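First comes the structure, then the notes that go with it.
Keep in mind that what you see is a predicted model, and the values were worked out from it rather than measured. Note that these values count all heavy atoms, side chains included, but never hydrogens, waters or copies made by symmetry. Note on naming: letters A, B, ... go to the chains in the order of the sequence lines (proteins, then strands), and numbering restarts at 1 for each one.
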Protein chains: 2
Amino acid sequence: MPRPRSLTQDRIAAAALAVIDRDGLAALSMRAVSTELGVSTMALYRYVDDRRELEGLVVELVLGGVDVSPPSEGAWQERIAVLVGRMRDHVGAHPEAVPLTMIHRHGSAGVLRWSEAVLAILAEAGLDGPERVIALRGLLSYVIGAVQLEHLGPLSGEGTAAMAGLSPAEFPHLAETAGHARLVGADEEFRGGLAMVLRGIRAGAGPFRSRGGRG
Amino acid sequence: MPRPRSLTQDRIAAAALAVIDRDGLAALSMRAVSTELGVSTMALYRYVDDRRELEGLVVELVLGGVDVSPPSEGAWQERIAVLVGRMRDHVGAHPEAVPLTMIHRHGSAGVLRWSEAVLAILAEAGLDGPERVIALRGLLSYVIGAVQLEHLGPLSGEGTAAMAGLSPAEFPHLAETAGHARLVGADEEFRGGLAMVLRGIRAGAGPFRSRGGRG
DNA sequence: AATCTTAGGCGTATGCCGTACACCTATGAG
DNA sequence: CTCATAGGTGTACGGCATACGCCTAAGATT
């Protein structure tokens, strides 16, 4: 009967993500999103309860786009690495939104579907029970932390700059490592760390323990 | 010559942390901290440039208290686990401040000293060059992610609740795993995940590769 | 003791923010 | 053509960080 809706949650999320990508996360506000859409600020509240929900929509937009179809080829470690890589790529495409994805990650349908896909591969690799729980959560932990380290750490370059100027007397190893760190690219670091974690997953740690693929 | 200072950065940081611990991170404001100290809001600006710096002080207060003296006993994996555990304990003692520690982690002197201690052990274990960089960053990633998963994830209980009510048809593994997850305590999960990561660190992967302690 | 100098402390004001509320209006149904 | 209804909007409020300028306490100097 009444007048029809002129917006959708999808359009609102897209507008919010556009603001974030263009002007940074700090510029995200209900006012900014409404301006982006050419409507009044309060119009948004016909579609979302509050700012939190809007942020959730943005995260779902980013994380929901991850392809969770299980890779068919390669050892189980390799297949998990593909799934993890897809997640990293999608999040990394919107670096300014990274803090949001961290805050609203729980309850995201995208993350749930991703977790399901990873679990399937872990199960196939011979893990079950608490060990599979720990493997999944450990992988999630690594991904969350690594993405943040990559995108939040060097935000200001403070960390790297601070490391470069350390007194070698007080921080001998750190000073030396800072030199090597510059030679390790972000991709290499991520893949290397992931390989490390995957190597640590004990596949088939049942009564008949058999070490996984490429030890 | 003029009147002496009545506050210190330490007292301000302690007051801010008290506000956070008591009323939550959302309640942290320049006003709240100044009230806590019994001074005017603007008085704080004689000691910190802005809110960001105040948050940094809080993080330093939390992270700077971590004992980074290297444990003398045990395999290198065990000694790193002790250092990691100390970090987790300090951060976990102020769960509401966790997001702050993540945002301001870089450039924290406490984290630098901790990293130095971990690097020393990794070096002793036979790692060097890029591999040591990756091992350190991988460990940091795991710790950051795990702490967040532990303290931010279950904040609202949304995630767990959502998992419990999943359709077993669409998420067969996740639904089953949710059951096991309830049996795994937070400590067990953290230690298990850490053991997994440590297991994946290739010690002494130089020309004369020798596998580390307790494979 | 009196004064001066100077930085610490504070009150006020500005421009953001999220959002509650009441109002107006476009619209499809009848 | 009318009307009920939900969508869209304008205004207003309280809270935030913080820029600015004033007042004042207290050590240094006389």
Side-chain angles (χ1 to χ4, degrees), chain A residues 1-61 96-97 99-100 102-104 155-156 158, chain B residues 1-61 96-97 99-100 103-104 155-156:
Chain A
M1 280 200 209
R3 88 209 251 189
R5 314 204 114 203
S6 63
L7 296 176
T8 62
Q9 286 199 334
D10 280 345
R11 278 194 63 205
I12 292 175
L17 187 55
V19 170
I20 293 171
D21 286 341
R22 176 172 14 96
D23 304 323
L25 180 56
L28 180 68
S29 70
M30 302 302 278
R31 283 167 171 83
V33 175
S34 62
T35 300
E36 184 83 11
L37 289 166
V39 299
S40 81
T41 304
M42 295 312 293
L44 299 180
Y45 286 90
R46 299 283 179 190
Y47 299 85
V48 296
D49 277 352
D50 51 23
R51 185 197 163 114
R52 272 192 69 82
E53 185 176 346
L54 185 147
E55 292 180 354
L57 292 178
V58 173
V59 172
E60 203 52 50
L61 180 61
E96 281 287 336
L100 283 192
M102 297 305 145
I103 297 170
H104 296 276
L155 251 185
S156 56
E158 272 179 73
Chain B
M1 281 201 208
R3 86 209 255 187
R5 315 205 112 201
S6 63
L7 296 176
T8 62
Q9 286 199 333
D10 280 346
R11 279 194 62 206
I12 292 175
L17 188 54
V19 170
I20 292 170
D21 286 342
R22 177 171 16 93
D23 304 324
L25 180 57
L28 179 67
S29 71
M30 302 301 278
R31 283 166 168 81
V33 175
S34 62
T35 301
E36 184 83 11
L37 289 165
V39 299
S40 81
T41 304
M42 295 311 293
L44 298 181
Y45 286 90
R46 299 284 180 189
Y47 299 85
V48 295
D49 278 351
D50 50 22
R51 186 196 162 112
R52 272 192 69 83
E53 185 176 346
L54 185 146
E55 292 179 355
L57 292 179
V58 172
V59 172
E60 202 51 51
L61 180 61
E96 280 288 337
L100 284 192
I103 296 170
H104 297 274
L155 252 185
S156 56

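A heavy atom lying under 4.0 Å from DNA chain D marks none of the residues of residues 11-26 of chain A. Within residues 32-47 of chain B, the residues that have a heavy atom under 4.0 Å from DNA chain C are, in order of number, B:Val39, B:Ser40, B:Met42, B:Ala43, B:Arg46, B:Tyr47.
Residues B:Glu36 and B:Arg22 are in side-chain contact: their nearest non-hydrogen atoms beyond the backbone lie under 4.5 Å apart. Between A:Leu100 and A:Leu28, the closest side-chain pair of non-hydrogen atoms falls below 4.5 Å. In this structure, the side chains of B:Glu96 and B:Asp23 stay at 4.5 Å or more apart for every pair of heavy atoms. In this structure, B:Arg5 and B:Arg46 have side chains that are in contact, with non-hydrogen atoms separated by less than 4.5 Å. Under the 4.5 Å side-chain criterion, counting only non-hydrogen atoms from C-beta, A:Gln9 is not in contact with A:Leu54. Contact check for A:Tyr47 versus A:Ser6: side-chain heavy atoms found under the 4.5 Å cut-off.
Distance, A:Arg51 CZ to C:dA20 P: 15 Å, rounded to whole Å. Rounded to whole Å, atom C1' of D:dA17 lies 14 Å from atom CZ of B:Arg52. B:Asp50 has its CG atom 17 Å from the P atom of D:dC16, to the nearest Å. Rounded to whole Å, atom P of D:dT18 lies 11 Å from atom CZ of B:Arg31.
Of all the heavy atoms in A:Ala27 and A:Ala32, the pair that sits closest is O-CB, 3.5 Å.
Heavy-atom nearest nucleotides on DNA chain C were determined for B:Arg5 and for A:Asp49, and the one closer to the 5' end corresponds to B:Arg5.
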Take A:Glu60 and A:His104, measure what side-chain contact (heavy atoms from CB on, under 4.5 Å) needs, and give me the verdict at the end.
-> CA-CA 9 Å; A:Glu60 203 52 50; A:His104 296 276; over 6 Å; no

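A sub-4.0 Å separation between OP1 or OP2 of D:dG7 and a side-chain N or O of A:Ser6 is absent.
B:Asp50 contributes a side-chain N or O that, together with a main-chain N or O of B:Glu53, makes up a donor-acceptor pair within less than 3.5 Å.
Of the inter-residue distances, the one linking A:Met42 atom CE with A:Ser34 atom OG reads 10.0 Å to the nearest 0.5 angstrom. Rounded to the nearest 0.5 Å, atoms CD1 (A:Ile12) and OG1 (A:Thr8) are 7.0 Å apart.
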Enumerate all atom pairs, one protein N or O and one N or O from nucleotides 24-27 of chain C, separated by less than 3.5 Å.
| unit_1 | atom_1 | unit_2 | atom_2 | d |
| --- | --- | --- | --- | --- |
| C:dT25 | O2 | A:Arg3 | NH1 | 3.2 |
| C:dT27 | O2 | A:Met1 | O | 3.1 |

